[in-house]
Every structure is written in C-alpha cells, then in structure tokens.
K.L.:
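Can you keep this structure in mind? I'll have questions shortly.
In each ligand, atom 1 is the first atom listed, and ligand 1 is the first ligand listed.
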Amino acid sequence: MSSRRDGPLMRNTAQSLNKSRVAITAAIGVGVLLGCVFAILFPHGLFSPARVYTSRVSNSNNAQVGSAPCESSERMNMLKSEFVAASEKNAELKKTVRELTEKLRLAEQREDQAQKQFLVLGKQKKAGPFGTVKGLRTTSTIVADKSVNPRLGKILEKVAVQRELIVALANSNVKDMLEVWFTNIQRVGITNYLVVALDEEIARFCKSKDVPVYKRDPDEGIDSVARNGGNHAVSGLKFRILREFLQLGYSVLLSDVDIVYLQNPFHYLYRDSDVESMTDGHDNMTAYGYNDVFEEPAMGWARFAHTMRIWVYNSGFFYIRPTIPSIELLDRVAGRLSREPRSWDQAVFNEELFYPSHPGYDGLHAARRTMDFYLFMNSKVLFKSVRKDDNLSKFKPVIVHVNYHPDKLPRMKAVVEFYVNGKEDALKPFPDGSDW
Ligand SMILES: *[C@@H]1O[C@H](CO)[C@@H](O)[C@H](O)[C@H]1NC(C)=O
Ligand SMILES: *[C@@H]1O[C@H](CO)[C@@H](O)[C@H](O)[C@H]1NC(C)=O
C-alpha cells in the first residue's frame, strides 16, 4: 500500500501519528477510521431520488466494507432493511414520476396555449419573418358563472378533474348500453364522468351502481322534451344542457352511450380548439379533408373544378371548451333544431361548424380539430378495416364508437371481448355493415 495513492488528507493524518508506528499500520488504521466516520455521517448515502436504486446498492456495498471492523451483523441487517425500504420507495417514486410527467405535459400544453394567446391578443405588432407567424386557434375561456345552475355546479366541483369531465345523456331506452358504457369507463380508471339522467329509472340505476348522476329538475321547461320527445328532440336538448356545463366553466367531453372506453381519453386531447371531435371518416382523406376534383367536360380547358370535402364530425363524441364560439355553436344548433324539427342534429352541428360567412350569413368561426380516427375509432373503421389487418388490430384505440351499426349492444360487447379479454375471434361473427 503506497502512501502516494492516498489523498492529501490521508498523508497529513499519517504524518501526525506517532512516528514509531509502522507506516502500513497507520494507513490501515486511518482507513478503518474513515470508514467508520463515513458510515456514521452518511448512513443513507448521497443520492438523488431519480437514481435511488443504483446509488443505494453501491452505497450499501461500500458501507459494509468500511464498517465491518467496528460493527457486525446488526449493521448488515440494518442495511438489508434499508435496501428493502429503498426498493419500495423506488416503486413509489416511479409512480410519482409518472403522475408528474402527466401533470407537466398538461401544464406545458396550457403554457403553450397561453403564450400563443398572448402573442395574438397582445398589442398590435408587425408580422414576424416568413414561416414564423401563427394565428390564434385557442380562444380564451369564459368567466365561470355559478348562478346558472348552483346545484349542477356543486356536482361538477366534486366530479370534474382539471375542470373537465365526460358527460352522457341517457333515458331508460339505452339502459343496457349505458351499463357497458360506465363499466368500461370505471375499468380504465376514469373518475370524471357524469350521466345526465333523463328519467327517474336511470337516475336510480346510476345511484345503485355508484355512477355519478345528475337528474334535472322536472320543472325546468326543456325537460318535458326529455320525457316525451323522440331521439331528435333529445338531441336538441343535449345542446341546451351542455350550455350550462360550459357556462359553469367546465370543458365537456360529450359522449353517446354506444361507446366503449379502452383508455383514458383525457390523455389524448390537444385542447387547442373550441371543438375537438371524432370523425365519421375512415381514412386520412375522409377524416382530415381532401381536394375532391369535380369534372365537367363541357367546360373544356376548365373542365376540372376543385372542391373541399371532409366527412362529418360525429356529434356523439366531441370535446368542447368553455369559450364564446363554443357556446355560440351550441346555441345555433339548438336554435335550428327547434326551428327545423325534421333536421338531423349531426348535419346541423357540422353545417354550423363549417360553412363560411357569405352574403346574408355570418359563419361561426370556431376553431376545430379532428381526432385521430384510429384512436377515436368509429365502428366502420373497426369492422371494415382494422379487424382484418394483423397490424392495426394489435393496436388499442382509446374508444370505439358503435355509430355505424344498429346492433349496438352485441357489437359493444364484442369490442370488450376483443380488446379487453383478448378473445381474438370476438369480432368475426359480424358483417362489415348492417344486414338489412
Ligand atoms: C395518414 O396521416 C398520418 C398523419 O396524420 C400519417 O402519419 C400517415 O402516414 C398517413 N397515412 C397514409 C396512408 O397516407
Ligand atoms: C404489418 O407490418 C409488417 C412489418 O411492418 C409488414 O411487413 C406487413 O406487410 C404488415 N401487414 C399488413 C397487413 O399491413
């Protein structure tokens, strides 16, 4: 053992010892002493939480070597239990890190949107250089108005997470589907969801199953629609009820009940638009828009006319932020549905969202985003293509909406069998489209 390998401290300490001692003995003594001092001063070692596992292991090894002469198996046992505790702590930390990552992602999303809003709403300024300018698509949210519906406000305070929740309207006609709906929502661990019960039976059913439920006051005028009205009348009601949620300051993921939840949709939203909706489209073109060329040979040189096309947004599954354009949309749709009783709510919803201003008409000008059609999957995509494709069928969507098929309940159950219970041929018995 050469003194040249030791540090300055070691050399100084050695020099201060009685010179009659053999240098080697001194070096060993000091080594042991330092080992003990180290073990006492740093029983937990020096490590950062992120690297707790590896640090802990190497530290306990060092400490064992250093402390062997001054302590014995007692120290060993202590270290062992410390190691076990550290492993448990490590698992906890991993969970915390996951949660923090999700929070960070949300915070970044919001900061990014706030920055963009500031950039656009701030004082007038010159345009930046080529390729650096960006318009506003994230409208600021309204000031919440609790007086609109204090009872609903209290429910939402309890149910919503980050001022967001899933909302579905249901009456007893859809009881069986509703059960599949909330069972899967509960299974994936979503807590921020609410059923708006349109009759007493559904309210009771939800309460018996621990499902958050809101039953409207029967005296409220629009609710007579709920009891007596057909499907389309209920659709109009949906837009009026939704308005109150937005006025109370909440973002709503409006959901039909013929939907199977396979993951938490709140992890997959962009939140940058007034309306973020699933599509009835089935591929990139139909879902996201394309240039459809219309040919008119009589026009000769100008025989090709270009048209813009997009498959409609599905008014049975969309995320809507509490903004003025969003509320204007709801009002416009509800207004038209009451004035034009034969109209279809989904067609009206899309016309209001997409038609531009023109002579005699002011368009809505709401910001829109189409959801990924493989993540937020309609039943045409599933039954016509995904189930037949070995690659695509291995990939788990966030939701499946059985909107394209009338035999909703059996197809919903088959979707659960396929994606949740891994039954590979669960989807096979069904035809691509309906049989009629
Ligand atoms: C469809 O669009 C996505 C991005 O939106 C892209 O990654 C993918 O390659 C496109 N698929 C086809 C077949 O064009
Ligand atoms: C699935 O993916 C593999 C590998 O990327 C590819 O070779 C194969 O053609 C794909 N199959 C289908 C049906 O698209």
Side-chain angles (χ1 to χ4, degrees), residues 102 105-106 108-110 112-113 116 131-138 251 253-255 259-295 304 306-321 346 349-350 353-354 366-405 411 414-415 417-433:
E102 174 65 16
R105 196 182 64 78
L106 275 174
E108 278 172 356
Q109 216 172 46
R110 291 199 166 122
D112 185 45
Q113 288 162 8
K116 281 181 194 151
T132 65
V133 297
K134 235 174 191 173
L136 174 68
R137 59 188 67 69
T138 310
S251 297
L253 185 57
L254 189 280
S255 175
I259 292 179
V260 178
Y261 286 74
L262 301 165
Q263 300 186 57
N264 188 335
F266 292 110
H267 297 167
Y268 294 88
L269 298 175
Y270 286 77
R271 303 176 175 83
D272 65 347
S273 305
D274 297 302
V275 176
E276 192 168 341
S277 176
M278 83 170 285
T279 171
D280 274 5
H282 54 268
D283 56 18
N284 278 7
M285 286 169 67
T286 57
Y288 308 143
Y290 67 107
N291 178 358
D292 190 21
V293 181
F294 173 80
E295 188 178 358
F304 298 115
H306 294 256
T307 73
M308 309 311 308
R309 290 193 74 184
I310 187 166
W311 263 227
V312 290
Y313 278 6
N314 190 291
S315 61
F317 190 87
F318 59 88
Y319 177 77
I320 186 161
R321 294 177 59 247
Q346 179 157 290
F349 179 74
N350 278 272
L353 262 181
F354 286 93
R368 313 162 300 241
R369 171 179 283 282
T370 313
M371 290 174 173
D372 185 308
F373 69 90
Y374 283 128
L375 291 177
F376 298 90
M377 195 184 288
N378 62 56
S379 55
K380 176 152 96 180
V381 171
L382 177 62
F383 285 95
K384 266 197 78 181
S385 57
V386 166
R387 68 167 167 168
K388 301 169 189 168
D389 183 309
D390 285 344
N391 295 333
L392 289 176
S393 60
K394 286 197 182 69
F395 170 88
K396 190 186 263 191
V398 179
I399 59 141
V400 173
H401 188 177
V402 187
N403 60 324
Y404 269 104
H405 299 89
R411 286 195 196 237
V415 167
E417 286 300 311
F418 184 78
Y419 283 113
V420 180
N421 301 330
K423 207 174 138 200
E424 277 178 26
D425 49 7
L427 300 174
K428 293 222 169 91
F430 298 92
D432 286 3

K.L.:
Taking only Lys NZ, Arg NE, NH1 and NH2, and the carboxylate oxygens of Asp or Glu, determine whether R387 and D432 approach each other closer than 4.0 Å.
P.N.:
yes

K.L.:
My question is simple, although I want it checked carefully: is atom 14 (O) of ligand 2 less than 4.0 angstrom from any protein heavy atom?
P.N.:
yes

K.L.:
Got the closest protein heavy atom to atom 12 (C) of ligand 1, with its distance?
P.N.:
N284 ND2, 3.3 Å

K.L.:
Based purely on interatomic distance, does Y288 place a nitrogen or oxygen under 3.5 Å from a nitrogen or oxygen of ligand 1?
P.N.:
no

K.L.:
Is there a protein heavy atom less than 4.0 Å away from atom 4 (C) of ligand 2?
P.N.:
no

K.L.:
Over 60° means perpendicular and under 30° means parallel, so classify the ring planes of H282 and W311, tilted if in between.
P.N.:
perpendicular

K.L.:
Could you tell me whether R411 sits above the aromatic face of F383, with NZ or CZ closer than 6.0 angstrom to the six-membered ring centre and within 45 degrees of the axis?
P.N.:
yes

K.L.:
So which protein heavy atom does atom 8 (C) of ligand 2 come closest to, and at what separation?
P.N.:
N391 ND2, 3.7 Å

K.L.:
Given F376, which partner from the list Y261, Y319, F317 fulfils the ring-ring contact (aromatic ring centres under 6.0 Å, His included) test?
P.N.:
F317

K.L.:
Looking at R369, R368, R321, which hits salt bridge (Lys or Arg N to Asp or Glu O under 4.0 Å) with D272?
P.N.:
R369

